[in-house]
Amino acid sequence: QMQLIESGGGLVQAGGSLRLSCAASGRTFSSYSMGWFRQAPGSEREFVAAIRWSNEDTYYADSAKGRFTISRDNAKNTLYLQMNSLKPEDTAVYYCAATSKGILPVLLRSTYDYWGQGTQVTVSS
């Protein structure tokens with residue numbers, strides 16, 4: 001089983017940056033595909049970015065392209081989301097997720113086996 005612990009959320013002014021981290025337990029982190037999702041109050045949890053077990057395979061929602069960068073450090077069992085040029089509409093709880101099902105679509109919530117507790121990101125106008 002895997003435990004995911006997120007950090008790095010906070011309050012930032014529009015145009016600013018944050019880097020979210022997701023620390024994963026276990027020694028098999030490198031075999032998991034990882035994703036970031038976000039959920040605003042009253043909204044569905046939506047896909048933000050994902051990365052396969054290989055660092056070369058990354059995926060982004062249209063809203064994240066050009067502003068967000070997903071990365072991972074397998075030696076540290078840690079997933080990152082670098083968020084630049086933040087906008088008020090980025091305000092949400094951000095969740096990291098993990099899946100051992102490497103062939104399933106990374107954009108789908110149902111693909112993921114494990115979820116973090118979420119970290120709040122608030123972007124002020």
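What's counted below: heavy atoms across the whole structure, side chains too, no hydrogens, waters or symmetry copies.
Annotation for Ile51 and Leu79: closest pair CG2-CD1, 3.7 Å, computed over non-hydrogen atoms. Scanning both residues, Met34 and Leu4, for their nearest heavy atoms gives CE-CD2, 4.1 Å. Closest non-hydrogen pair, Ala98 versus Met2, comes out as CB-SD, 3.5 Å. When all heavy atoms are compared, the tightest approach of Ser125 to Pro88 is OG-CG, 3.7 Å.
Under a 4.5 Å side-chain heavy-atom cut-off, the cluster of Ile, Leu, Val, Met, Phe, Trp and Tyr residues that includes Leu107 is completed by Phe37, Phe47, Tyr59, Val93, Tyr95, Val106, Tyr112, Trp115. Apart from Leu108 itself, the hydrophobic cluster it occupies contains nothing, where clustering links Ile, Leu, Val, Met, Phe, Trp and Tyr at side-chain heavy-atom distances under 4.5 Å. Chaining together hydrophobic side chains whose heavy atoms lie under 4.5 Å apart leaves Ile5 on its own.
Residue pairs meeting the salt bridge (Lys or Arg N to Asp or Glu O under 4.0 Å) criterion with at least one member in residues 4-25, sequence neighbours excluded, do not occur. Applying the salt bridge (Lys or Arg N to Asp or Glu O under 4.0 Å) test to every pair with at least one member in residues 39-49, sequence neighbours left out, gives these pairs: Arg38-Glu46. Sorted by first and then second residue, the salt bridge (Lys or Arg N to Asp or Glu O under 4.0 Å) pairs involving residues 115-125 (not counting sequence neighbours) form an empty list.
To the nearest 0.5 Å, the span separating CG on Leu81 from OG1 on Thr69 amounts to 8.0 Å. Rounded to the nearest 0.5 angstrom, Asp73 CG and Ser30 OG are separated by 11.0 Å. In this structure, CZ in Arg72 is found 14.0 Å from OG in Ser21, a value given to the nearest 0.5 Å. Atom OG1 of residue Thr122 and atom CG of residue Leu86 lie 10.5 Å apart, to the nearest 0.5 angstrom.
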Evaluate side-chain contact (heavy atoms from CB on, under 4.5 Å) for Tyr114 paired with Tyr32, printing each intermediate quantity in order.
CA-CA 10 Å; Tyr114 306 100; Tyr32 286 80; 3.8 Å; yes
Between Met83 and Leu20, does the side-chain contact (heavy atoms from CB on, under 4.5 Å) criterion hold? Intermediate values first, please.
CA-CA 8 Å; Met83 304 187 293; Leu20 306 183; 3.7 Å; yes
Stepwise side-chain contact (heavy atoms from CB on, under 4.5 Å) test for Val123 and Glu89:
CA-CA 8 Å; Val123 184; Glu89 51 262 45; over 6 Å; no
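Looking at Asp90 and Lys87, no side-chain N of the basic residue comes within less than 4.0 Å of a carboxylate O on the acidic one, giving no salt bridge.
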